[in-house]
Number of protein chains: 2
Amino acid sequence: MADRGRPRSFDRTEALERAMQVFWKKGYEGASLNDLTAAMGIGCPSLYAAFGSKENLFLEAIAHYESVVGTEIWEAIEKAPTARAAMQDFLHATVEAYSSTDSPRGCLIALGALHQDSSSGRICADLRRRRAENIDTLRRRLQRGVMEGDLPAAFDCNAAALFYATTQNGMSILARDGASREALAAVAEGAIAAFQPLADKANIRAPHGP
Amino acid sequence: MADRGRPRSFDRTEALERAMQVFWKKGYEGASLNDLTAAMGIGCPSLYAAFGSKENLFLEAIAHYESVVGTEIWEAIEKAPTARAAMQDFLHATVEAYSSTDSPRGCLIALGALHQDSSSGRICADLRRRRAENIDTLRRRLQRGVMEGDLPAAFDCNAAALFYATTQNGMSILARDGASREALAAVAEGAIAAFQPLADKANIRAPHGP
DNA sequence: TCCTTTCTGTAACGATCGATACAGAAATAC
DNA sequence: GTATTTCTGTATCGATCGTTACAGAAAGGA
């Protein structure tokens, strides 16, 4: 419907990718329109014509992040044969992603906008919802482990999901502080070490299942 | 030396306390001078005369935070009889502090300013140093456990310190998202569950010590 | 070719940012 | 009392914030 008129002089997806990088590095509040337009290589009116507002641009950048960057981490947990391997692969993929040198350290969804009272409410709500979805994804994978028999029926999937998601969020801060891959891997190993005791605790509570 | 002239009409420490609350809730960038002066009950010139700048006010607020709020959490690990109990008490104190309803959720040092490229460099450097010191404190307590014999000599104190500090940082994000005390406690239990396997791993590697 | 449509670049909008100039108020020193 | 010193309230500074008016440029449709 819009094949008339002067065509857009830039690639919208590539511009969104550049904007995502800026938000990733500086956060929502810290990324100014000057930063964004400079990185995207366009002017302010082009940005507003293509994305509506800084807020909408951020929301699109987050969606782009989840569909491109986050994929590697989260698809690992579905492929893993057991729930334990899923948590293991999930954390190891996180270590690799967060220690990459050609992207900002840590997770955009974890670090993008943490202070609701100062950032836009929609921004914070969106990120919060995505963080909650991450917990849900982990919990569902653990529940699948219960269904498939590699976890005891009394295993507290919710508690374990909270624990592993929280470990990953903490790793974002550690990575942002410049931690080495070895340091991030040490954290992952610590969290993985908790898995067997958590499963054992469920067996002790209900050794033969409910 | 400054007992002449018009006396200050407000209590400096109380004003600093109020400013700390604002920074805690909104972060460094999100806290405007309007927010700060309104909460402190003073005008801009009084703020600048007493604290120098927003940056210095934040640095003083952080120091105040560590000397007042953080104390409860960190002194627990020195009192504990064993390294394991120290980690346990440390995390449980964190659960209580982060689930308090009469203060902002999570830790000011963890959440105050995460994006170096947008926030002031001094601010980020100060918070980073304090986060690194927290890791050091945990490591030294674990090393004390090795010295006192309640941990194997091959125990990786550095790795465990990174793991528990990272767990706490993740709990800041979880708390900021509105998690219940039970959810925070579940994360703490997960991290505590890792302790025995981490100690066992050290025993397997060097069962009789080096 | 001219018209319509859409995008681009400049330039600026009002609002807010952190930070101050200035004059008056409130204390001590003499 | 007057002089001196320091703090307070108003009002504002220049800079930057996110956003937009406006005019010209670049395409298709006639």
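Values below: every heavy atom of this structure, side chains too, minus hydrogens, waters and symmetry copies. Chain letters run A, B, ... following the sequence lines, proteins first, then strands; residues in each count from 1.
- If you check D:dT10, C:dG18, D:dT19 against the side chain of B:Pro45, the one that comes closest is D:dT10.
- One can place NZ of B:Lys54 at 9 Å from P of C:dC17, the figure rounded to the nearest angstrom.
- For A:Ile42 and C:dT6, the CD1 to C1' distance is 15 Å, given to the nearest whole Å.
- B:Phe23 and B:Tyr28 have parallel rings, their planes meeting at less than 30° on a 0 to 90° scale where 60° marks the start of perpendicular.
- In this structure, the nucleotide among D:dT20, C:dA21, C:dC17 sitting nearest to the side chain of B:Asn34 is C:dC17.
- A:Asn134 and A:Thr137 share no side-chain donor-acceptor pair at under 3.5 Å.
- As rounded to whole Å, 9 Å separates atom P of C:dA19 from atom CG of B:Asn56.
- Nearest nucleotide to the side chain of A:Cys44, out of D:dT19, C:dG18, D:dT8: D:dT19.
- In this structure, A:Asp11 atom CG and C:dT8 atom P are separated by 12 Å, rounded to whole Å.
- For the residue pair A:Asn169/A:Ser172, the side-chain donor-acceptor check at 3.5 Å is not satisfied.
- Backbone-only engagement by A:Pro7 is indicated by non-hydrogen atom pairs under 4.0 Å involving sugar-phosphate atoms exclusively.
- Here C:dT6 presents its P atom at 19 Å from CG of A:Leu47, a figure rounded to the nearest Å.
- Distances were taken from every side-chain heavy atom of A:Arg8 (C-beta onward) to each of D:dC17, C:dT28, C:dC7; the shortest belongs to C:dC7.
- Of the listed nucleotides (C:dA26, C:dG9, D:dG18), C:dA26 has the atom at the smallest distance from the side chain of B:Arg6.
- Among the atoms of the strands shown, only primed sugar atoms or phosphate atoms (P, OP1, OP2) are found under 4.0 Å from some heavy atom of B:Phe10.
- Rounded to whole angstrom, the span from the CG atom of B:Leu36 across to the C1' atom of C:dG18 amounts to 11 Å.
- Side-chain polar atoms of B:Arg176 and A:Gln116 form no donor-acceptor pair below 3.5 angstrom.
- Between B:Ser32 and C:dC17, a side-chain N or O to OP1/OP2 separation shorter than 4.0 Å is present.
- The nearest whole Å value for the distance from the CZ atom in A:Phe58 to the C1' atom in D:dC17 is 17 Å.
- Look at CG on A:Asp35: it is 12 Å from P on D:dT16, rounded to the nearest Å.
- Contact annotation: B:Ser46 does not reach the phosphate of D:dC7 (side-chain N/O to OP1 or OP2, under 4.0 Å).
- Between B:Tyr65 and B:Phe58, the distance separating the two ring centers is not shorter than 6.0 angstrom.
- Between A:Tyr48 and D:dT20 there is no side-chain polar atom (N or O) within less than 4.0 angstrom of OP1 or OP2.
- Taking for each of A:Glu55 and B:Gly43 the nucleotide of DNA chain D with the nearest heavy atom, the 5'-most of the two is the partner of B:Gly43.
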